[in-house]
Each structure stands twice: as C-alpha cells, then as structure tokens.
Amino acid sequence: MSIDSNGSPQAADPAPSNNGPGKTDLVAPNAGTGPAGEGGAVTLLTPDGVRVANATYDPWIADLTDEDLRGLYRDLVLVRRFDAEATALQRQGELGLWASLAGQEAAQVGSGRALRPGDMAFPTYREHGVAWCRSLDPLTLLSLFRGVTGGAWDPAEHGFALYSIVVGSQVLHATGYAMGVAKDGGEDAAIAYFGDGASSEGDVNEAFVWAGVFNAPVVFFCENNQWAISEPSRRQSRVPLYRRADGFGFPGVQVDGNDVLATLAVTRRALDDARSGLGPVLVEALTYRMGAHTTADDPRRYRLDGELAEWQAKDPIARMRTYLESTGRLGEAFQSALDAEADALAVRVRHGCVTMPAPPSDSMFAHVTADGSVDDPHFAAERAMLARETG
Amino acid sequence: MSIDSNGSPQAADPAPSNNGPGKTDLVAPNAGTGPAGEGGAVTLLTPDGVRVANATYDPWIADLTDEDLRGLYRDLVLVRRFDAEATALQRQGELGLWASLAGQEAAQVGSGRALRPGDMAFPTYREHGVAWCRSLDPLTLLSLFRGVTGGAWDPAEHGFALYSIVVGSQVLHATGYAMGVAKDGGEDAAIAYFGDGASSEGDVNEAFVWAGVFNAPVVFFCENNQWAISEPSRRQSRVPLYRRADGFGFPGVQVDGNDVLATLAVTRRALDDARSGLGPVLVEALTYRMGAHTTADDPRRYRLDGELAEWQAKDPIARMRTYLESTGRLGEAFQSALDAEADALAVRVRHGCVTMPAPPSDSMFAHVTADGSVDDPHFAAERAMLARETG
Amino acid sequence: MATLTLAKALNQGLRACLEDDPKVLIMGEDVGKLGGVFRITDGLQKDFGDDRVIDTPLAESGIIGTAIGLALRGFRPICEIQFDGFVFPAFDQIVTQLAKMHYRSGGRVTLPVTIRIPYGGGIGAVEHHSESPEAYFCHTAGLRVVTCATPSDGYTMIRQAVRSDDPVIFLEPKRRYWEKGEVDTAVDLFGIDPTSHGPTGPAHASAAPVLGLHRSRVTRPGTDVTVVAYGPMMATVLAAADVAARDNQRSLEVIDLRTLSPLDLEPVFASVRRTGRCVVVHEAPGNVSLSAEVAARVTETAFYSLEAPVARVTGFDTPYPPSRLEDLYLPDVDRILEAVDRTYEF
Amino acid sequence: MATLTLAKALNQGLRACLEDDPKVLIMGEDVGKLGGVFRITDGLQKDFGDDRVIDTPLAESGIIGTAIGLALRGFRPICEIQFDGFVFPAFDQIVTQLAKMHYRSGGRVTLPVTIRIPYGGGIGAVEHHSESPEAYFCHTAGLRVVTCATPSDGYTMIRQAVRSDDPVIFLEPKRRYWEKGEVDTAVDLFGIDPTSHGPTGPAHASAAPVLGLHRSRVTRPGTDVTVVAYGPMMATVLAAADVAARDNQRSLEVIDLRTLSPLDLEPVFASVRRTGRCVVVHEAPGNVSLSAEVAARVTETAFYSLEAPVARVTGFDTPYPPSRLEDLYLPDVDRILEAVDRTYEF
Ligand SMILES: Cc1ncc(C[n+]2csc(CCOP(=O)(O)OP(=O)(O)O)c2C)c(N)n1
Ligand SMILES: Cc1ncc(C[n+]2csc(CCOP(=O)(O)OP(=O)(O)O)c2C)c(N)n1
Ligand SMILES: [Mg+2]
Ligand SMILES: [Mg+2]
C-alpha cells in the first residue's frame, strides 16, 4: 500500500517496499505485541523517535516508502495546524465550540490511514484527523461547530459517517453497518471511534455483544485520551480498556496511540482480521488530550500536576519528526514546503470560516423527513409563518 | 451456618459441623474450581448424586448438617410443587400468566440460601425459589400473575426486591443498593439475578462497569437456562457468560446450577468476597428451563431434539434425592412428611389463589405518587369519574 | 379478497415486503423460529433465511442502533419491539439518532427503518405489556407514526411504511390481532410507476385508489358528533356509535386517524364544522397526549363551529394498572357515550 | 437576602440539601472536581467528600439505575444529567422503573430521586445541547416535573424537590443560569414541624409563606390576556408584556407554571375567566406538547369565557436547528405579541 499526499489512501499493495524501515531502523530489540500483558502497548516508535522491532507488527508497515512516512508526518502536522486554527477561531467568536484533537493526531492519522476507500469510519465529535484522512474538507467540519449545519456531509461519499455527539451511539451504527457488509458480501470493514468515557455506555457494550455474536467486520477503536471531560479513565474501568473485549469473546489490543506507525500497523492488522472473517477487534490507543475537553472546558480544575508535561514528552509529532530526521528522511525542503502548506491551510480555513454564509432561515424546515410526497398543512403553516417573519 | 426449615437462613456459623458431608462423601477426586477453563463449571454433586471433592469449595459447605441438607432438599421439592400448582392454576384461567422455574430450583435455592437476612436480592420474574428462601408467601407472588397487584411486597421486609419485568433493569438497582451498603458501612451484600438473555442489555453491562469502578458488594447471578424465550444462549455471546466479568476486571465463575450444593458454595464464597471488600463477582449458573418460557410460550417451536431429555438426566431434585438416599440421610418418614407438606402447600396456594379478592377499583389511583400533600384537581376528577361509574 | 386476522394480514404484508425488495430485513427478539411472540413473522425465517429474518440479542438499543447502521449500508430493516413497554431502552437511538440523522445530514442520509410495536392493553398481561407510547414518538420531529385498526389497513400500511424513506413507528393494536376482516392482497400498492406518487401516495390509476399512509379516514359517516380515534379504540368507538344510533338516535361520525404523526386532520375539521361537536378517544394516558393536540388544533381551526369544548376520553393518568383493573382503566362504550353526552351539556 | 445568579442559587440550594440530610447524595458526570459543566455543584465535593458528591461513569442509564438502588437503601440521590439531550439513554430507567416502582409496590417503596437537567436552547450550542424534553416526562405518570425561572425559585424549589418523596424531574433553564435575582437563603422552608404540611407545603406560620413546589404563580398581574409560560421563556414573556403595555396599551397577565406535572391551572382558569384570552408559550416543539394540554384544559374549563381559541407559541416541529438559526426557532417577543394579536382577531 501507499498513502498519497492528497489525503486519500490508495488500494493496498501487499508487497513491502524495499526502502522501507524494515531493515535499517531496528535498534531496540522488542516491544509489546498486544494484547498487553504480553508486553504492554504495541510501540514501534519510542517517544524519542527510535524505531523498535516488533515481529508481529513490523510486517504490517513493511510496505511504507519514505514518501509514505513523510506523508504520515505531513498529515500529523497539518491536522494539528488545522486544529490550532479552529481553536483560535473559536476564541475569536467565529465558532460556537471546538473539540481539539491536540495530542491525538497519531491515533487518528495512524488508524485513518489504515482504512481503505470502501471502509466506513464512525467518528465521535473529535475525529478531525480521521476526517482529514477521509478527504473531508476541514471547512465542512467547521460548519458544524459554527452552527451553520448539523455536520452535513455524505457518509457514503467519504467513507466517513456523520459526527456523533451522543456518546457511544455511533458504535452500534458501525456494528450494524459491518453486519450489512457481511450480508452484501462486501470486502469493506467498519471502524468505530469512541473515547474512554464512552466505553461505559450501554450502547458500546451492546455493540460488543452484537459484533461478537454476528462476527461483524468492525474494529472498535477506543482513543483512551485519559480523560472524559474531568473524569480520569479509571472512573470508567478498573482494568485497561482493551481487556473489555475478553468478556465478549474477541481480541483486544493496546497500542501506543502517540505512535503513528504502531497505530497504523495495529489498525491495519485489526481491519484485515475483520475483513478475513475473524470478526471484531478492540483497539485501545493510549493517548492524551493535550488541550481542554472543548473550548468550553477548563482542565486546570482537574488535571494532575505534571501530567501534561509527561505527555508532552511523548508528543506524537515530535517523535515522528525526530525519527524521520535522525534517519535522514526529512530534508529541509520538505520541511519548509510543509510549513508553507500548513500556513496556507490555516489561511484557507480561517478565510473559509469567517466568510461562511449563515444558513437560510427556511433551511430549518428542510430535511426533517425524506418523503416529500407527504403533505402536512400544520408543518407548512409553521414554515409559512417563519417565512412571513423573515420577510 | 445452618438453614432452618421455615425458610429463613440463620446467621453464619463458621464452625464446620462434624457430621457434614466433608469426610464421608468424597468419592470422586476433583472438579472445577472456576473460573472455568481451570476445570469447567464447579460441581459438588454429579448428576448421579455423587458428591465430588473440591478443595476450593468444600469448605464453603462444610458446616452443613444433615438437617441442613434435608432442608435444602425440602426447599427444592416445595418450590417445584408450588411452581407446578401455579402452572396448573394458569391453565385453568386463575392466573394471567406464569413463568415457571422448573429445572432451575437448585440454582435458586442454592443461591437464595447463601444469603443472610440483611442481604437484598434483586429478582427477575422467575425467582420464585429465591422468593421462597426469602420467606415471601407464594400467594404474594401469585397476586402479581393474577393481575391483582403489581407485585406489591416490601423489599426491606424480605430482603427481596420487587419482581422486575424489564429485562436487565434490576441489575443496576442491585449495584446502586450495594454502593449504598458500602456507603453506610453495612455488612450486607446485594445479589442481582438475571438470565442469559439479559446479559446483552446495556443496563447489565453498565452495572458491571459501576460495580467494578466502585468495588460494590454485589454478586451478579446469571441463571443461564440456555434460552431467552426462543433464542439459544449463543445468540447472546460467543463465549461462556461467566467470562464477561473479565472484561470489567472482576472474577467470573461458572457453576453447575443444577447442583444445589455447588451453587450454595459458590454463592456463599462470592457473597463473602463481596462483603470483605473484594468487590463484585459474576456467577454463571448453568441450568435449564424445563418448561416453556411462560405459559404463553410454545417451546416445541424451537427446542432442540433430545435437549429436554438430556437435561432431565441432570435434574436438580433427583440428584439431591439420590445423594441423600444413597448416604442414608433421607428416611421414609421425612419423605412422606415432605410429600404431605407439599400437598398442603399446593392446597393452600390453590385455595388462596382462587379466593383472592379482586382489587378495589379505586386502588388504580392509589400510590401513583407518594407525596399526598400535593393536590391535583385533574387527577382527583379522574378518580371521581371512576368512582361515579363504579358507583 | 381474503378474510384474514390482523395478525395474518401483517404477516402477509411483511412477506410481501421481503419479496418486493431484497434489501428488506426483519430483526428483533424471537422473530425467527418462533415467529415472534405474536407469530406476526411466522414462517418468514423459514422462507427467507436467517440472513434476512434475524433473531437478535436481547437488547433494544442494539436492535435500533444496528438497524441504523444497516440502513446506512443500504438495507431497509423492519425492527420488531416485542412489547410496547420494552421500547424504552431503545429510546435514545430512536429519538437522538433515527429521528434526526436525515436532518443532521442535510438530507444526504435516509434511514428507512420501520419499527413495529404491538401496543395497548386489554390482553390481561402483566406490567409493561399494555402500554400506549405513541405520544412520546409523536412529540419527536423526524419520526412518522402510524397505526392500523383493521386487517386491510394492517396489510397495506405495513407495506407502505416499509417503502417509506423515513423512519416509521408502526403501532399494532395487539388485542385486535385475532380479529378478522377482508383484505385485498392482490392490490398493487405502488403502481406501475412507483416514483410518480412517492411510496405513500395513491396507487396508479387503473387500480382502486389506495389510501396514502398519511391519511386519516372517515370510517363511519354521521351528522351529530365527530368521534376521533385510532388503533385499538376504533372497534370500541364503532360499538359506541352503534349504541348511540340505537339508544339515542345520535349519529356519530367516526374518524380513524391512522396517521398519528403527521396528523391528517382536514377530515376532522370538515366533520366538526358540520357536527359542532367533537370527542377524541385513545387509551394512552390523557396528560400531554395526542388527544390534547387534536383538541387544541380542532379548537383553533373550528372555534366558531364548536357547540362545546372538545371532549377527551383517555386512559387515566396512572401507570397501567394490574390487569384485573384494566377493563375499568380502558375507555369503554359507556365512557365514550358519556363524553358524547357532555358535548350536549354545554 | 442576597443577589445571586440562578447558577449560584442552585449551588447554594444543593449545599443546603447536603447539609440538611446526610442521606442526600449528588451524582453525575463531572459533578465533582469540575463542579459540573455549568458549575452548579461547584465546591460541593470539596466540602462534602467524594462519598457524597460522586463522579459517575459515563452512562446515564447507570446513573438513574444505581440512584434507584441507592434510594432503595435509604439514600436521596440528586442526579445530574449533563445536558437535556443526554437524558434519553436513561429513559427506560426513568419511565419504567423510577416512575412506576412506588405504584408497583403498592406504596411500600418510595424513590426520592431528583433528576436535575439543564434544558433549553439559546446558548449557541451544537446538537443535543438545547432540547426541551419536558413533554416526555409530563406524559409519564409517577413523575413530578418542575422548572424554575428565577434564582429565588431555583434555591427554594431544588430544596423542596429533594425533600419530596417522589421522583422529581428538575428542569433548569440553562440560558438563564447567569441571570441574577434576589434570594432569601435564610428562609426556613420546612417549618418547625416538617411533617405538618408535607415537604412541598407552605412553611410554618412564623415565616413568610413559601410557595409549595407544585404551585404556579401569577408573576405579573394584568387584565387583557393571560400568558402562560415557564422556565427559560418567562423572561421573554415578561419582556413581551412590557412591550405590549408600552406599544399597545395591552395588559398581559403572566403566569409562571413552575410545576409542569402535576399542572396547577387554577390560577390560569381564574385569569382566563377574567381576560377571555389565553396564550401559552414554550420553546419545546408544539406537537403533542404541554401547550396542547394547557390549551385543551383551559378550553374545557373556561369555554364560555374564551373570546378566541387559546393561542400556542412554541418551538417549531423540527429537530432543534443548528445554532445560527436558533434565534429564529425560539419564540421571541414578536412571536408572542403576534399570538396575543391573534386572540383579538377572532
Ligand atoms: C450520552 C452522552 N452523555 C453525556 C455527554 C456529554 N459529554 C460530551 S463528551 C463527554 C466525555 C466523553 O469522554 P470520552 O468518551 O473519553 O471522549 P473524549 O471527549 O475524551 O474524546 C461527555 C460526558 C454526551 N455527549 N453524550
Ligand atoms: C427490556 C425487555 N425486552 C424484552 C422483554 C421480553 N422478554 C421477557 S423475558 C425475555 C427473555 C429473557 O431471557 P433470559 O434473560 O435468558 O431470562 P429467562 O426468561 O430465560 O429466565 C424477553 C425477551 C422484556 N421483558 N424486557
Ligand atoms: Mg476521553
Ligand atoms: Mg434464559
């Protein structure tokens, strides 16, 4: 496989590329293979940017070319830049709210780039990095947070379902979708994103029941960013979340979610298992929400001393940069081109956001239902009343 | 501990009695210690009525006197007789519905007798055997199925919560109750009964989350009677249900639910763990619903060939009788007295049922809310209207 | 034409749905081998396979949540909720997801999910088996809510509901399952050009016109009082109309709402303008209910025609009582006639 | 007397609840260190410990279900649902368990659980953060539903609600959290003999009488039109009354319902008998809503006093729209005055 630089993954190419990291970079002898307990979270790239060997997962990224690796780095940098711009826009009153992904870029890009075009991702409200990988225009995301739309893209067009705000609800949708894939004989898979907090919702656990019983091709991707607003993840479970899968009879694996390579490898493998009829897999990506829950939140009230610093040392972007630099893969030309691209992206996002037209007032009445042949005079009267009011 | 013959357990007596089965009956060398996988479901009494040794669980019933053992047998016999009478009453139109416990007597009596007076049991709609152990008059149960009450006993009086028809809902109540026990410093425990089907409900899994996180003194007692109406238990999980606990970080154990001694031992241990601050335990009791789901059901439509016969060979009452007889514990006098007691119970139940007065019509309006100081003329008008009509 | 029970008519309607469109699925608890606790899906798994008629795990949120996912993949799931009282674990998926995803997506996503719910009392059941939850769904924008009162409507309406691109809550009056009526199963519901009128519109010209899914019907014409009802209460109201005609010489015009959301009240308004009197009947509790909505709209629209305020006959504002009391709880002929009388007292 | 925001008044009310009774608990998502996303429980965990102010796992059914269990053990839990749109996962526990267990038990079990829900729109939020779900709860027998419009009522009513032996849905108009008003926190709500009037009755004679929890209030007397509202709409209605007085010389009598179930409509009936005109206002969608119920009851009770049908001003029957449209969605002064005008057109 290769990952193109326009943000859409290409069809998988099983042949490992010969200038990939497989041979040259293996400096540390071992790492977790997941399920943890057999060695902890799967890591392929240490916080210091050192590539460590992992017999189980190395083959899953053996095909990556240098260009692919730079592509991943580019994704990380650009989504962080977009995210920072969105946060700034919210502070300036241009967005009603923003849920920052800062700190979670690798978990999102690694898993997002593991997807094939035909797969369907079911996000929460924070998967801007996955949206990016699914070629969704960042401005489309902003239209939701600006209060202009409900988040109105076409899931089928992007392989990316609508943002889901009711915590956990989308995990059942992903499972049903995957059941449908199995029914129509497709080779696609579904991936359900959810947080550590969401793991407590009945819906998420019912999805585990369903997926196990129907052996649905779905990957449950839990971004454990350590917090559900102000509650630490131990308030949701006294054992690591990847272990939840045991109870439902399918594999769970813990991955270093700040390691884009490990996340890519683990998600690819999980998707492959799902596709090949092995059923669901739960991936717990250990990561950290570096910012506030949303721009409405104040993490100073609950965050632990030193925690942010500890996780900053594990920053997903810094480690990828160190790795690429130290292995001579990141030239200055690429870096400055990327900086320019990030700046351009920020400018485009800002301009697009502030010039985004307000929705026409009548749009409030559009698409409440799909069947236009039903006439309802009561509804029509409400609509007419608003039309009169707005002139 | 001893178990009195009036249906109320006495306070625990840790000293093993010296004429208990501990020494004389150990004819088979080993059995499961649960969690299964370490030897399968815990069994202390084989289907042939042979007592097998189990180093882990033998001490938990070492205190049982011969009288206690006969008391357990008596419970099994009487609840089956009551159940059969209720089924007959339903067929004759005296009850609207009946959910038979036939086949599950040992699971219910074994666990019910493991409880202390201060404990609180949270039943489904089928725990007539547990109700018996909690000294609830069988007629009180019938009032619910006759449509005379909503199942209106006082949970606090009996340590037995109301029957719960919405599958799974009561498991959260048990968990909250147990949290309350921990808060008020009590030594009580809660036990939540639920079926294999119920294990799929979000509420049950949320209860597991809660109990784990708050280390609540609650035992989750799943009566896996193989069916949820017409659906086999593999439609709820592809792995044995006791394993669900793994995912939430507390122990799960599988017990032969047709073995009253094993069920008693396993539940006692689980309750003891809960009481001593070790937190929740999931017990999966393997048993079988020998009758229909309820009197409204027709199991011929879905039951597997030979299944009933297979389980009849594992009958919980027959094996206990064989055991008691073969070890000389069941004299004829006891047997015939018990037969007479069963007949008398049946007569009392039948008579009490058919003579049960219909509820006064105004009772429909009683107890909708508790705070009588609120006057609501609208509600009063409805009440007055019915009073006029029934006049 | 065949004489069928409502249960059988629904069963045949569902069979036709499965035949019409390979994307139609049936899913729910015990809908397979057992054919559902009311046998409405009897024989369908045998004939269409367990890939299309699916026994699900016991979790209602899961049923609706996965149905939404299946719909996103292009399927048209028909979900059975076993009894009215067990729809509430699925309430979140219904209200926040199923009802709103089309809107949220700006019309890009359609969720053609039908939720069948046997509802209402009168069968001597224990708690949670006799509820009338329609008000909850009617208050929720984005859902369509319909109910049938006859075998013929059962057959037709389930097919129309499943053809609808909107989520439809399909309420089945369970105590009428065993009542019989004439059903024309040969009717061509969707016409030669199914797009020309939309799935809920009238059939093509050559067939007898089939009433659209979202149309109410004057079931019994009359001149003195307009009585509005639906579902399980229709038979009771028609019986009351018989008694009124015989004992009081009063001619009741009986209207079957059929569609509870959106409401189709034009026939009601027209009727009230003629009769000047209106009684609305349902067995759901009265407080903040459909009868309040109908009363409010009728009053607003036909204020000067009304000789008396709209009278409401409903279940009491208590939980559904133990079954030995349900005959007193449910509106009956006397209570309906008493309300009719009330409209003459003003 | 102190000048407090509604948020602070509720906070102080909750503090008093915790002080009054050691069995009172607060539980919900983020209610501890964070003090809730609206800071209504600010400082309470610090002062009362995490055994009494409990951050729960993220699962609403779990919150209500375990609160029921805690109540069965003798506690009085106050549950916070973080936003209106997130109460639906708990709907089953609320509707089938919390509301009905007292009835089911023949009065032997009481469940004094209070569920606090910040509700309503107007804060520029994303989907599910601006819902008005009161109709669902009002339609459910066994629940009590109340809402406050002022800091003073916030302080008093939350204490009364927590004292009530019934489950109470306590709706807090979130966009009014930061509006200020006078609060008498010294008021002795329950009197010397708390049993004499019940927890929701008037205080003992020596104090200024405190309005019972289930009483509506004439907030602004008037003579021409009766306007009924509650919660977040009260401020809007009062503003409309100012404009009407100034621009049209019309005197609106404004009634704050406060208690949504049971309704206390005697003051409304009395008012309408005087004014002959009635407008009911809420921001929840109109279809099968509280305004329908009020309109139906007012019409039934005061039919011959009415000069015009009761007018309803409500949110539209759409999902709550994206926030840039919410000002057009929510009833405003103009829409209320337009409805007032309508009552003169008949
Ligand atoms: C059903 C539901 N309950 C509550 C909320 C309010 N809420 C929004 S995000 C959030 C925390 C989610 O935590 P987590 O699942 O860990 O995801 P994260 O925000 O950390 O990415 C809460 C409680 C919600 N959106 N949905
Ligand atoms: C929430 C809910 N959904 C559906 C039902 C209908 N129903 C009653 S019992 C039952 C099967 C329960 O199976 P299980 O949990 O295994 O218990 P068992 O009846 O076998 O004892 C079903 C589906 C219900 N009571 N509650
Ligand atoms: Mg999180
Ligand atoms: Mg079962």
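Scanning residues 100-111 of chain D against chain B with a 4.5 Å heavy-atom cutoff picks out D/M101, D/H102, D/Y103, D/R104, D/S105, D/G106, D/G107, D/R108, D/V109, D/T110, ordered by number. Heavy-atom proximity under 4.5 angstrom to chain B picks out D/K23, D/L25 from residues 17-27 of chain D. Of residues 375-388 of chain B, those residues with a non-hydrogen atom less than 4.5 Å from any non-hydrogen atom of chain D are, in numerical order, B/D375, B/D376, B/P377, B/H378.
Contacts between D/L98 and chain B at a heavy-atom distance below 4.5 Å are absent for every atom of the residue. For D/T96, the part sitting under 4.5 Å from any heavy atom of chain B is the side chain, from C-beta outward, and nothing else. The contact between D/D92 and chain B is made entirely by side chain atoms (from C-beta outward), counting heavy-atom distances below 4.5 Å. Neither the backbone nor the side chain of D/A67 has a heavy atom closer than 4.5 Å to any heavy atom of chain B.
B/S111 and B/T267 are not linked by any side-chain donor-acceptor pair at a separation below 3.5 angstrom, with hydrogens and angles left out of the test.
Between B/F248 and B/W210, a ring centre-to-centre spacing not shorter than 6.0 Å is recorded.
Remark: D/K33 does not engage D/D55 in a salt bridge, criterion side-chain N to carboxylate O under 4.0 Å. Using a 4.0 Å cut-off between charged nitrogen and carboxylate oxygen, B/R275 and B/E187 do not count as a salt-bridge pair.
Ring pair B/W98/B/F145 is perpendicular by interplanar angle, where above 60° counts as perpendicular and below 30° as parallel. Under the 30°/60° scheme for interplanar angles, the aromatic rings of D/H128 and D/F86 are found to be tilted.
For the salt bridge (charged side-chain N to carboxylate O under 4.0 Å, His left out) test, residues two or more places apart in sequence or in another chain that qualify with D/D51 are B/K183.
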